[in-house]
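Below is one structure, written out as structure tokens; comments come after it.
All residue numbers in this chain count up from 1 along the given sequence.
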Amino acid sequence: VATNETDYRVEMKVGTGPYSEVLTLEPDATRAEITGLAPLTGYTFRVRASNAGGFSAYSGEAPASTPANSSSPSRSSMALICGPPPWTTT
């Protein structure tokens, strides 16, 4: 956990694709919700802190898969719980 961060940057990749930044979180944030995920899809998340000196190293990867959701695929979401490593998804 960072002690002098100005924000956290959350990155996500789909399957084995490249990472892309999907959220910027406030300092000391401990939770984020990622929305608009496709059903039956594997995702991997990682986080790093940012401050005036640059970026921290990335967190460990947190893999997760979305369940089937045929009634509303655009509403699939996942919560990323940020605390002391390891990072977790729910």
Does the side chain of Tyr19 reach to within under 4.5 Å of the side chain of Thr44, using non-hydrogen atoms?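 The answer is yes; the side chains approach within 4.5 Å.
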
Nearest atoms (heavy-atom pairs only) where [X] meets [Y]:
| X | Y | result |
| --- | --- | --- |
| Ala38 | Tyr43 | N-OH, 2.8 Å |
| Ser65 | Gly42 | OG-CA, 3.8 Å |
| Pro27 | Thr6 | CG-O, 3.1 Å |
| Glu11 | Glu21 | CG-CA, 3.9 Å |
| Glu5 | Asn51 | CA-CB, 4.3 Å |
| Glu33 | Leu23 | O-CD1, 4.0 Å |

Exceeds 12 heavy-atom contacts within 6.0 angstrom, atom CD of Glu26: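 Counting neighbours around CD of Glu26, 12 or fewer heavy atoms of other residues, nucleotides or ligands fall under 6.0 Å, so no.
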
Rounded to the nearest 0.5 Å, how far does CG of Leu40 lie from OG1 of Thr66?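 With rounding to 0.5 Å, OG1 (Thr66) is 6.0 Å from CG (Leu40).
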
I'd like to check the side-chain contact (heavy atoms from CB on, under 4.5 Å) partners of Phe55; sequence neighbours left out, ordered by chain and number.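 Per chain and number, Phe55 pairs via side-chain contact (heavy atoms from CB on, under 4.5 Å) with Arg9, Arg48, Ser50.
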
